[in-house]
Visitor: 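I have a structure here, written as structure tokens, and I will follow up with some questions on it.
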Amino acid sequence: GHIVTQERCFLRRDGRRFHAEIRGRMQSDGNVVCVARDITERKRKEASAAERTRELAALHALGLVVSSSLSLNQVGKAALQGILAAVQPDLAYLFLREGDKLHLQEVAPQEALPRLGIIPEHRVGECMCGLTVKEEKPLYSRDIHTDSRCTWDECKAAGIRSFATLPLRSGPEIIGVIGLASLADRDFEASSDFLETLAHQVSLALANARHYELARQELAERKITEEQLYQETLYNQIILESL
């Protein structure tokens with residue numbers, strides 16, 4: 001007399017899978033009555049909602065991490081640690097741009113450095129990291145070994161299979177690149193909206209840190225100039241008093 005409900009995954013005759021909710025009850029005469037309902041769309045929406053909740057939590061956590069410091073180096077380290085936790089790539093890179101050059105700022109996790117070996121200097125327009133700066137858009141590759149855009153050998157030698165490059169913007173300027181690598185086949189592009197939102201958040205933190213560094217440098221230079229003017233004024237005053 002009790003209703004029993006179960007959810008199962010079934011295979012259609014054409015090979016496609018679908019989820020179904022089955023509600024069954026044994027009647028007094030011993031027969032069992034069941035009703036099956038296709039809940040594939042509901043399961044998809046539930047999975048999508050759960051993924052969106054996870055992404056929002058990751059964005060919030062990353063925001064807290066990167067806003068905890070105004071040091072450019074500390075923000076870079078924090079950004080990659082936050083991305084490792086949110087995206088779980090095997091490797092993550094941060095390049096900062098200076099003119100037509102891309103300088104490697106940070107690699108995470110640190111134990112990956114021996115695997116990578118010596119990373120050559122990157123330039124705008126070269127390999128995927130340089131191309132993403134030149135084209136000002138994210139690039140995704142499922143297999144860098146067969147992708148003509150990947151022209152450097154250090155990533156291939158490290159055993160990397162899939163790769164994503166995300167430009168970092170400050171206004172109209174591309175200030176750097178985040179690289180995400182997977183040793184196994186991975187479709188980074190399937191999470192492009194989330195990854196590009198992460199990159200935008202990192203861009204803001206790096207831009208703020210860079211402005212802070214410039215302001216601090218200007219302040220230090222101003223203090224030196226003021227001190228020099230003070231010393232010159234004091235010297236001139238001493239000269240005048242000695243006449």
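Quick caveat, the model's predicted, so the values are computed rather than measured.
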Visitor: Name all residues meeting the side chain to side chain contact (heavy atoms under 4.5 Å, CB included) criterion together with Leu131; count only those two or more places apart in sequence or in a different chain, and write none if there are none.
Guide: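 Expected list: Glu135, Leu139, Arg149.
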Visitor: Is His19 close to Glu46 at the side-chain level, that is, under 4.5 Å between some pair of heavy atoms?
Guide: no
Visitor: Determine whether more than 12 heavy atoms belonging to other residues, nucleotides or ligands lie under 6.0 Å from atom NE2 of His200.
Guide: no
Visitor: Using the rule that Ile, Leu, Val, Met, Phe, Trp and Tyr join whenever any side-chain heavy atoms are under 4.5 Å apart, tell me whether Leu96 and Leu166 fall into a single cluster.
Guide: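 Result: yes, single cluster for both.
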Visitor: Kindly write out the residues that satisfy side chain to side chain contact (heavy atoms under 4.5 Å, CB included) with Gln27, not counting sequence neighbours, or none if the list is empty.
Guide: Asp29, Asn31, Val33
Visitor: Identify which one of Arg16, Arg12, Arg17 satisfies the salt bridge (Lys or Arg N to Asp or Glu O under 4.0 Å) criterion when paired with Asp14.
Guide: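 That would be Arg16.
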Visitor: Grab the two heavy atoms, one from Ala184 and one from Ser182, that are nearest each other, plus how far apart they are.
Guide: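 Shortest heavy-atom separation between Ala184 and Ser182 comes out as O-OG, 2.7 Å.
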Visitor: Any chain of hydrophobic side-chain contacts (each under 4.5 Å) joining Val35 to Val4?
Guide: no
Visitor: Could you check whether any side-chain heavy atom of Tyr140 comes within less than 4.5 Å of a side-chain heavy atom of Leu195, counting everything from C-beta outward?
Guide: yes
Visitor: Quick one: side chain to side chain donor-acceptor pair (under 3.5 Å) pairs with a partner in residues 185-194, sequence neighbours left out?
Guide: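 As it turns out, the side chain to side chain donor-acceptor pair (under 3.5 Å) pairs with a partner in residues 185-194, which skip direct neighbours, are Arg142-Asp185.
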Visitor: Mark yes or no for whether His145, through its side chain, and Ile160, through its backbone, hold a donor-acceptor pair below 3.5 Å.
Guide: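 Looks like yes, one N/O pair under 3.5 Å.
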Visitor: Of all residues at least two apart in sequence or in a different chain, which pass the salt bridge (Lys or Arg N to Asp or Glu O under 4.0 Å) check with Lys101?
Guide: Glu121
Visitor: Checking side-chain contact (heavy atoms from CB on, under 4.5 Å) for the pair Leu102/Arg97: CA distance, chi angles, key distance, verdict?
Guide: CA-CA 5 Å; Leu102 296 174; Arg97 181 183 184 182; 3.9 Å; yes
Visitor: Is there a path of hydrophobic side-chain contacts, each under 4.5 Å between heavy atoms, that joins Ile174 and Leu204?
Guide: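 Ile174 and Leu204: separate clusters.
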Visitor: Check Arg169 against Glu136 and note the closest heavy-atom contact, atom names and distance.
Guide: NH2-O, 2.7 Å
Visitor: Looking at Leu80, Ile178, Val107, which one forms a side chain to side chain contact (heavy atoms under 4.5 Å, CB included) with Tyr93?
Guide: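 Only one option passes, and that is Val107.
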Visitor: Is it the case that atom NZ in Lys156 sees more than 12 heavy atoms from other parts of the structure closer than 6.0 Å?
Guide: yes
Visitor: Do Phe194 and Leu180 land in one hydrophobic cluster if side-chain heavy atoms of ILVMFWY residues count as linked below 4.5 Å?
Guide: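 Yes; tracing contacts between hydrophobic side chains, which count when under 4.5 Å, links both residues.
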Visitor: Stepwise, does the side-chain contact (heavy atoms from CB on, under 4.5 Å) test hold for Cys150 with Cys127?
Guide: CA-CA 5 Å; Cys150 188; Cys127 205; 4.0 Å; yes
Visitor: Looking only at non-hydrogen atoms, find the nearest pair between Asp90 and Pro109 and report the distance.
Guide: O-CD, 3.4 Å
Visitor: With ILVMFWY side chains joined below 4.5 Å, transitively, what does Ile22's cluster contain besides itself?
Guide: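 Besides Ile22, the cluster holds Phe10, Phe18.
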Visitor: So for atom CZ, which belongs to Arg25, do other residues, nucleotides or ligands contribute more than 12 heavy atoms lying within a distance under 6.0 Å?
Guide: no
Visitor: For residues 173-192, which residue pairs qualify under ring pair (Phe, Tyr, Trp, His ring centres under 6.0 Å), counting only residues two or more places apart or in two chains?
Guide: none
Visitor: For Val87 and Leu198, work out which heavy atoms get closest and say how close.
Guide: CG2-CD1, 3.5 Å
Visitor: Strictly distance-based, threshold 3.5 Å: is any side-chain N or O of Ser203 a donor or acceptor partner for the main-chain N or O of Ala199?
Guide: yes
Visitor: Is the side chain of Ser162 donor-acceptor paired with the backbone N or O of Asp143 at a distance under 3.5 Å, no angle test?
Guide: no
